[in-house]
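Single-structure report; data block below.
Throughout, numbering of the chain's residues begins at 1 and tracks the sequence.
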Amino acid sequence: MTRHDLSVKSLRSSLATRRAARVKRQSLERQLASYTTESDRLELDAILSRHSAEETGELRSIINRQAMDRLIRSA
């Protein structure tokens, strides 16, 4: 296999990995968006508080962004 073949294969692999991560994140965002009421969000926050910031960082980032989006839309 030539260097060119390896770099193309590496690029394809990288793109596939990034695509899979994007699909996974979009699915997670949809799931988190289903927590629409205040009680839902409090329950989710209680669940997340049982775990470290390192474990929940991505989730909290998504939740905070969605909360800001809701505030902007309601203003």
Side-chain angles (χ1 to χ4, degrees):
M1 210 174 261
T2 67
R3 287 179 93 171
H4 176 71
D5 292 338
L6 288 174
S7 64
V8 169
K9 188 177 249 186
S10 174
L11 177 61
R12 285 183 179 161
S13 176
S14 175
L15 289 173
T17 300
R18 290 176 61 191
R19 189 176 303 117
R22 185 173 57 249
V23 167
K24 182 179 172 185
R25 183 175 174 94
Q26 288 170 337
S27 174
L28 179 59
E29 287 175 352
R30 281 191 300 276
Q31 290 172 17
L32 291 172
S34 70
Y35 288 84
T36 55
T37 67
E38 185 66 25
S39 62
D40 286 344
R41 290 190 292 276
L42 288 172
E43 180 181 358
L44 183 57
D45 190 49
I47 293 168
L48 294 177
S49 68
R50 297 180 199 136
H51 301 276
S52 72
E54 194 173 274
E55 294 172 315
T56 62
E58 181 180 11
L59 296 171
R60 290 189 185 279
S61 173
I62 293 169
I63 292 166
N64 290 337
R65 185 184 47 75
Q66 289 176 344
M68 289 302 296
D69 290 346
R70 278 192 301 277
L71 282 173
I72 291 168
R73 281 194 309 265
S74 68

So which pairs with a foot in residues 66-75 pass salt bridge (charged side-chain N to carboxylate O under 4.0 Å, His left out), sequence neighbours left out?
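Counting only pairs at least two positions apart or across chains, the salt bridge (charged side-chain N to carboxylate O under 4.0 Å, His left out) contacts touching residues 66-75 are Arg65-Asp69.
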Mind checking who shares a hydrophobic cluster with Leu48, ILVMFWY linked at side-chain heavy-atom distances under 4.5 Å?
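Result for Leu48 is Leu28, Leu32, Tyr35, Leu44, Leu59, Ile62, Ile63.
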May I ask you to list the residues sharing a hydrophobic cluster with Met68, side-chain cutoff 4.5 Å, ordered by chain and number?
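ILVMFWY cluster around Met68 also holds Leu71.
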Check: residues 13-26 side-chain donor-acceptor pairs under 3.5 Å, at least two apart:
residue: Thr17; atom: OG1; partner: Ser13; partner atom: O; Å: 2.9
residue: Arg25; atom: NE; partner: Glu29; partner atom: OE2; Å: 3.3
residue: Arg25; atom: NH1; partner: Glu58; partner atom: OE2; Å: 3.1

Could you state the interatomic distance from NZ (Lys9) to OG (Ser7), rounded to the nearest 0.5 Å?
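The distance works out to 11.5 Å.
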Can you give me the closest heavy-atom contact between Ala46 and Ser49, atom names plus distance?
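Looking at all heavy atoms of both residues, the shortest contact is O-OG, 2.7 Å.
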Apply salt bridge (charged side-chain N to carboxylate O under 4.0 Å, His left out) to Glu38 and list each qualifying residue two or more places apart in sequence or on a separate chain.
Arg41
Can you list the residues that meet the side-chain hydrogen bond (donor to acceptor under 3.5 Å, both in side chains) rule with Ser39, with sequence neighbours excluded?
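In terms of side-chain hydrogen bond (donor to acceptor under 3.5 Å, both in side chains), with neighbours along the sequence ignored, Ser39 is linked to Thr37.
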Go through the structure and list residues passing side-chain hydrogen bond (donor to acceptor under 3.5 Å, both in side chains) with Arg60, not counting sequence neighbours.
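By the side-chain hydrogen bond (donor to acceptor under 3.5 Å, both in side chains) rule, Arg60 matches Asp45, Thr56.
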